[in-house]
There are 2 protein chains.
Amino acid sequence: MTQKAREYYKDNPQFYVAVDCIIFAFENDELQVLLQQRNFEPFRGEKTLLGGFLQAGESLEEAVQRVLRIHTGLTNIYMEQVGTFSALDRDPGARVISTAYYALINKNLYDSTLLKEYNGEWVSTNHLPSIHFDHTKMIEQAREQLRRKISFSPVGFNLLPPSFTLAQLQRLYEVILGQEIDKRNFRKRVSEMQFIEKTGMIDKVSSRRGASLFHFNMEKYNMTHEFKLK
Amino acid sequence: MTQKAREYYKDNPQFYVAVDCIIFAFENDELQVLLQQRNFEPFRGEKTLLGGFLQAGESLEEAVQRVLRIHTGLTNIYMEQVGTFSALDRDPGARVISTAYYALINKNLYDSTLLKEYNGEWVSTNHLPSIHFDHTKMIEQAREQLRRKISFSPVGFNLLPPSFTLAQLQRLYEVILGQEIDKRNFRKRVSEMQFIEKTGMIDKVSSRRGASLFHFNMEKYNMTHEFKLK
DNA sequence: AATAAAAAGTGTAAAAGATACACTCATTAT
DNA sequence: ATAATGAGTGTATCTTTTACACTTTTTATT
């Protein structure tokens, strides 16, 4: 590289770059998000999203997957970039540019023993506690992005167990969209999508009669890519 | 701050942070984007988006407005964040994290004398030339984001002069959505939105008969926030 | 054994929204 | 006077969305 080219970069400042993860899960008819009550400095005692600093050899997506692995034990988690936040005073400790990603996990599969280690807690997105930094804004933006996405893309299945009842699926949609859905209309729309398949198994836990368990067939979905549900 | 808190930041690497601007304009029935053919190192001769490095005292949005002002002479330009790109090798000269923003300008109002200074050129988004870095991906993502947005939010008016004919507005939508629109249906939808107002002026340039000029009344729009056009 | 309780499962009609479609009008150039 | 150009306008059909109520299956209770 020429001297000029080196200066092109060198004349500019560098910044800490972080990722913050809005980890969503669905339980008790609530969309929940994983927070941590920090038991370390700085900002000990404050509630924040789970996050971490970008390291030299990794992309933002790799940093997110690292943070997710550490805190949930899971790999290959579905995630989506929400946005990058750069207000001068967003982190009072130092100038940090942070990119938020939301992630969708199935709470049954993740390693809940990790919770204690980092002082994590699940909270409902319906009544968020007071949260540090600009993390409340990140959560709201992520929730809105998920709401817009879920009607046209089969991302919601990441929040459910591999097999689920139609009642569970409907409740998930009702909670994320924030409105009641007519049962017959909902099921009509589901039945038009052949990639939402009856497994033949019956769930006897949630009802006396028993409800058919379904699962999302990703391969079949990939053939059509036609999804619409609300 | 405690020693611990200082280490919290100091143990982490820092990065160059940049912004890249997808500056869109509408002319000759094309959605165009402003590129520069670099006449400086590094990557002299390559085509890139207009961008710049984040400076210490500014947010990403301020950096974008700075870049936009320098290259178009305009301030207060409509813009929206597209996403942040962080692949390890995206800039072969150094590790740079870059956030892309698209901006919408009216080509009649901007300072075109600046073009020569930085070797800028407008290209149609329909047949993009070969562009350096990951900038092609940024442009495609921005174009898609604009396409999704324009039907439900009155952002397209930023690409038109303050007053415009309905034919102009329709062509804008046809080009961005990538499909022909029925004239009567389009006008029916426009006439339902009272904030798209007839100015009383007649444009005699584009037709013999003359066409009514309309303008977008932002104040009226803010009262309803109901927009739908496709 | 009969009954009550709980959630699963199922079809049709009306309303709303989206789409298809063709001619007249006003002006200017020839 | 006439031809050419783009502006302007309404209705009928199709598609999609919404509203709506009862029967079925099983278990717990008496």
Side-chain angles (χ1 to χ4, degrees), chain A residues 26-29 147-148 150-152 160-161 163-194 196-215 224 226-230, chain B residues 26-29 147-148 150-153 160-161 163-194 196-215 224-230:
Chain A
F26 181 67
E27 195 177 50
N28 302 331
D29 285 1
R147 192 189 65 69
R148 276 197 309 269
I150 201 171
S151 294
F152 302 101
L160 292 174
S163 58
F164 48 84
T165 66
L166 294 184
Q168 281 180 285
L169 185 63
Q170 181 174 342
R171 283 303 294 147
L172 174 68
Y173 271 80
E174 289 179 330
V175 166
I176 292 178
L177 296 177
Q179 58 184 18
E180 296 211 337
I181 301 172
D182 178 272
K183 183 164 63 161
R184 278 175 290 188
N185 293 339
F186 185 81
R187 285 170 184 239
K188 197 189 313 167
R189 289 187 284 255
V190 168
S191 69
E192 281 161 6
M193 292 182 273
Q194 282 79 20
I196 303 178
E197 297 175 321
K198 216 178 253 202
T199 61
M201 304 283 105
I202 304 289
D203 173 77
K204 305 285 287 182
V205 177
S206 59
S207 77
R208 291 176 178 171
R209 175 174 172 180
S212 286
L213 285 163
F214 287 74
H215 98 286
T224 69
E226 267 159 46
F227 185 90
K228 184 138 189 218
L229 204 47
K230 54 146 216 173
Chain B
F26 181 67
E27 194 176 49
N28 301 332
D29 285 1
R147 192 189 64 70
R148 277 198 309 269
I150 201 172
S151 294
F152 303 102
S153 181
L160 293 174
S163 58
F164 48 84
T165 67
L166 294 184
Q168 280 179 286
L169 185 63
Q170 181 174 342
R171 283 304 294 148
L172 176 67
Y173 271 79
E174 289 179 329
V175 167
I176 293 179
L177 297 177
Q179 60 183 15
E180 296 211 336
I181 301 171
D182 179 272
K183 181 163 66 161
R184 276 176 290 189
N185 293 340
F186 184 81
R187 284 169 185 239
K188 199 191 308 172
R189 289 187 284 255
V190 168
S191 69
E192 281 159 7
M193 292 183 272
Q194 282 79 22
I196 302 179
E197 296 174 321
K198 216 178 253 203
T199 60
M201 303 285 105
I202 305 288
D203 172 79
K204 305 285 285 181
V205 176
S206 58
S207 77
R208 289 177 179 169
R209 175 173 171 178
S212 285
L213 284 163
F214 287 75
H215 97 286
T224 69
H225 270 255
E226 268 159 48
F227 186 89
K228 184 137 189 220
L229 205 47
K230 56 147 213 173

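Naming convention: chains lettered A, B, ... in sequence-line order (proteins, then strands); numbering from 1 in each chain.
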Mind grabbing the angle between the end helix axes of the helix from C/dA1-D/dT30 to C/dT30-D/dA1? Five pairs an end, 10° rounding.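 About 0° separates the two local helix axes.
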
State, to 0.1 Å, how close A/K228 and A/F152 come at their nearest heavy-atom pair, and which atoms those are.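 Minimum heavy-atom contact is CE-CE2, 3.7 Å.
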
To the nearest 0.5 angstrom, please state how far the [atom1] atom of [X] sits from the [atom2] atom of [Y].
{"X": "B/S153", "Y": "B/F227", "atom1": "OG", "atom2": "CZ", "result": "7.0 Å"}
{"X": "B/K230", "Y": "B/Q179", "atom1": "NZ", "atom2": "CD", "result": "7.0 Å"}
{"X": "B/Y173", "Y": "B/L229", "atom1": "OH", "atom2": "CG", "result": "4.5 Å"}

My understanding is that only residues two or more places apart in sequence, or in another chain, count here; which of them pass side-chain hydrogen bond (donor to acceptor under 3.5 Å, both in side chains) with A/Q194?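 So A/Q194 forms no side-chain hydrogen bond (donor to acceptor under 3.5 Å, both in side chains) with any residue.
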
What pairs with B/R147 under side-chain hydrogen bond (donor to acceptor under 3.5 Å, both in side chains), at least two apart in sequence or on another chain?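 Applying side-chain hydrogen bond (donor to acceptor under 3.5 Å, both in side chains) to B/R147 gives B/E144.
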
Does any non-hydrogen side-chain atom of B/R171 lie less than 4.5 Å from one of B/L169?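 No - every pair of side-chain heavy atoms lies 4.5 Å or more apart.
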
Please identify each residue that fulfils salt bridge (charged side-chain N to carboxylate O under 4.0 Å, His left out) with [X], with sequence neighbours left out.
{"X": "A/R209", "result": "none"}
{"X": "B/E226", "result": "none"}
{"X": "A/E192", "result": "none"}

Close approaches to DNA chain D from residues 172-182 of chain A, in residue order (heavy atom, under 4.0 Å):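 A/D182 - these, ordered by number, are the residues of the stretch whose heavy atoms sit under 4.0 Å from the strand.
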
Could you check how far [atom1] of [X] sits from [atom2] of [N], rounded to whole Å?
{"X": "B/F186", "N": "C/dA20", "atom1": "CZ", "atom2": "P", "value": "16 Å"}
{"X": "A/L213", "N": "C/dA7", "atom1": "CG", "atom2": "C1'", "value": "14 Å"}
{"X": "A/L229", "N": "D/dT16", "atom1": "CG", "atom2": "P", "value": "16 Å"}

By side chain to side chain contact (heavy atoms under 4.5 Å, CB included) - contacts of [X] (at least two apart):
{"X": "A/R187", "answer": "A/L166, A/K183"}
{"X": "B/R184", "answer": "B/D182"}
{"X": "A/S206", "answer": "A/D203"}

Check nucleotides 16-19 of chain C for protein N or O atoms closer than 3.5 Å to its own N or O atoms and list the pairs.
residue, atom, partner, partner atom, Å
C/dA18, OP1, B/K228, NZ, 3.1
C/dT19, O4, B/K188, NZ, 3.0

Nucleotide by nucleotide, nucleotides 1-9 of chain D touches protein heavy atoms under 4.0 Å in the pattern (B base, S sugar-phosphate only, - none) ---BSBBBB

